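No experiment lies behind these values; they were computed from the predicted model shown. Proteins get letters first, then strands, A, B, ... in listed order; numbering begins at 1 in each.
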There are 2 protein chains.
Amino acid sequence: MATRAESAAVTRRSLLDAAAELLDEGGPEAVTLREVGARAGVTRGAPYRHFAGKDSLLTAVAAEGWERVGDRVQALRADPDLPASERLRGALRALIDVGRRQPHLYQLLFKPQGARGDGLERVRLQLCGPEGDPTAAVRAAGRFQDEFQAIVAALVGEADARHYGALLMTSAHGIAGMELSGHLDGDKWRTTADELVDTLVRMVSDASVTTWET
Amino acid sequence: MATRAESAAVTRRSLLDAAAELLDEGGPEAVTLREVGARAGVTRGAPYRHFAGKDSLLTAVAAEGWERVGDRVQALRADPDLPASERLRGALRALIDVGRRQPHLYQLLFKPQGARGDGLERVRLQLCGPEGDPTAAVRAAGRFQDEFQAIVAALVGEADARHYGALLMTSAHGIAGMELSGHLDGDKWRTTADELVDTLVRMVSDASVTTWET
DNA sequence: GAGTTTCAGATGACGTTGTCACCTCTTCGA
DNA sequence: TCGAAGAGGTGACAACGTCATCTGAAACTC
């Protein structure tokens, strides 16, 4: 029937699916190795055959999350029917949509895991393996950033793609995060994420034109 | 010497300080009620006399964090020697500085605590009391937002203060968050948070002038 | 000023969790 | 056919949040 490597791969996939499911349902606190194992049809110790521990499992979930967002942005960039501004709008919304649809996953994507910094020392990503080489999560996030930057470059040119790309990406992240945390609710701001995205696209288009030679 | 109410107030303060200290040192995971109690000179059960539980304690820490940021922005707004654009720059940097100096506290400030949403239902703040009235954390965050909005209004006018204020606040949050999570590192973007803040201030100033009548 | 109430804090206990050591049993390679 | 390898199961342990209960001193009442 199934070779050992195959069934192990199936189990690993089930574990990842169960973890992602539990994450969506109840956040990181709800992702219990025991419950993950139960949903995957194994016991509590089995996940340790596939992941170093809970953090490692969640990091793998984050990697797949980044891959999905990267795929979506790549599809936007490669769509020949879309004008450049629409591609950018779509890329910004892609990020915000994850925050809306999978808020817990979204927070995981931007969580500096295993913070080492004390005081002034910066908090560093621990998404790297023992030897320091980037893992799947870092690579997947990097691919998203490359696709995003390419979309921005098509709109504002290569020269400004880095700076304005960073501005757009961080802004989208901020919109998603504050919408998620509820700080955009109420009568205080009276604006929506979509309106903010539109303003961003317009402002960057204008600014990149007027400051093209500065 | 000390009346009972006084010593209780001292204990409460010690608990908050210990929790904030542990949060800065090792993140929310490191904030153990046992260790909090130990640092405050009491035992593990004592915090329950002052807070409903760990979440409640961390919410109180978040409230004080918001108060400090609010104080800083208020001081900027009230400073008569600062031009309007510098006040805005300072307000944006105030948020980013918290992310740099106290990354764990920063994440706590924007954490939608006690997520209830399942699936499409939005994740809601559980920073409200049993009756649903906003707690100190919500009020402190609201005051920060009011001060921030006032600073923006002085630069772009009352009419645009809401929309551009939300844009600036969310963007600053995104810059802080992505700097914190390490996604701005490396050769990919080659820009700094300060440069992004400058661009934001310039773009919003320009946009608010050119679109004043639209 | 004696008796009662109140409440901050201490203590013991319980269930849950992440993690490890150890065991079993199937599958793969020679 | 036999040994190695590795996926998975099981027992155990420490740490954690939380609660019920107890204690002792301050605060209040008469």
- Query: To the side chain of A:Thr3, which of C:dG18, C:dC28, C:dG9 is closest?
  - Reply: C:dC28
- Message: Output the rounded distance in Å from CZ (B:Arg49) to P (C:dT6).
- Response: 14 Å
- Message: Measure CG/A:Asp55 against C1'/C:dT17 and give the value in whole Å, please.
- Response: 13 Å
- From NZ of A:Lys54 across to C1' of C:dC20 the rounded distance in Å is 17 Å
- Which is the 5'-most and which the 3'-most nucleotide of DNA chain D that has an atom under 4.0 Å from a heavy atom of chain A? D:dA5 to D:dA12
- Taking NZ, NE, NH1 and NH2 as the nitrogens, is one of them in A:Asp71 or A:Arg143 under 4.0 Å from a carboxylate oxygen of the other? yes
- Message: If you define the side chain from C-beta out and look only at heavy atoms, does anything of B:Leu88 sit under 4.5 Å from B:Leu76?
- Response: no
- Item | Exercise: do B:Thr11 and B:His50 side chains pair donor with acceptor under 3.5 Å | no
- Ion pair A:Asp97/A:Arg101, N-O distance below 4.0 Å: yes
- Flag side-chain contact, heavy atom, 4.5 Å: A:His173 against A:Tyr106: yes
- d(CD, A:Glu29; C1', C:dG18) in whole Å: 13 Å
- Item | A:Thr170 and B:Met178, any side-chain heavy atoms less than 4.5 Å apart | yes
- Message: Please determine whether a side-chain nitrogen of the Lys or Arg among B:Glu64 and B:Arg13 lies less than 4.0 Å from a carboxylate oxygen of the Asp or Glu.
- Response: yes
- Query: Base, sugar-phosphate, or nothing for A:Val31, non-hydrogen atoms under 4.0 angstrom?
  - Reply: sugar-phosphate
- Quick one: sort the B:Phe144 and B:Trp66 rings into parallel, tilted or perpendicular, breaks at 30° and 60°. tilted
- Item | Whole-Å gap separating C1' (C:dT17) and CG (A:Leu57) | 15 Å
- Message: Using a strict heavy-atom distance below 4.0 Å, which residues from residues 38-48 of chain A are in contact with DNA chain C?
- Response: A:Arg44, A:Tyr48
- Mapping B:Ser7 and B:Arg34 onto DNA chain C by nearest heavy atom, which one lands closer to the 5' end? B:Ser7
- Item | salt_bridge(B:Asp146, A:Lys188) N-O dist < 4.0 Å | yes
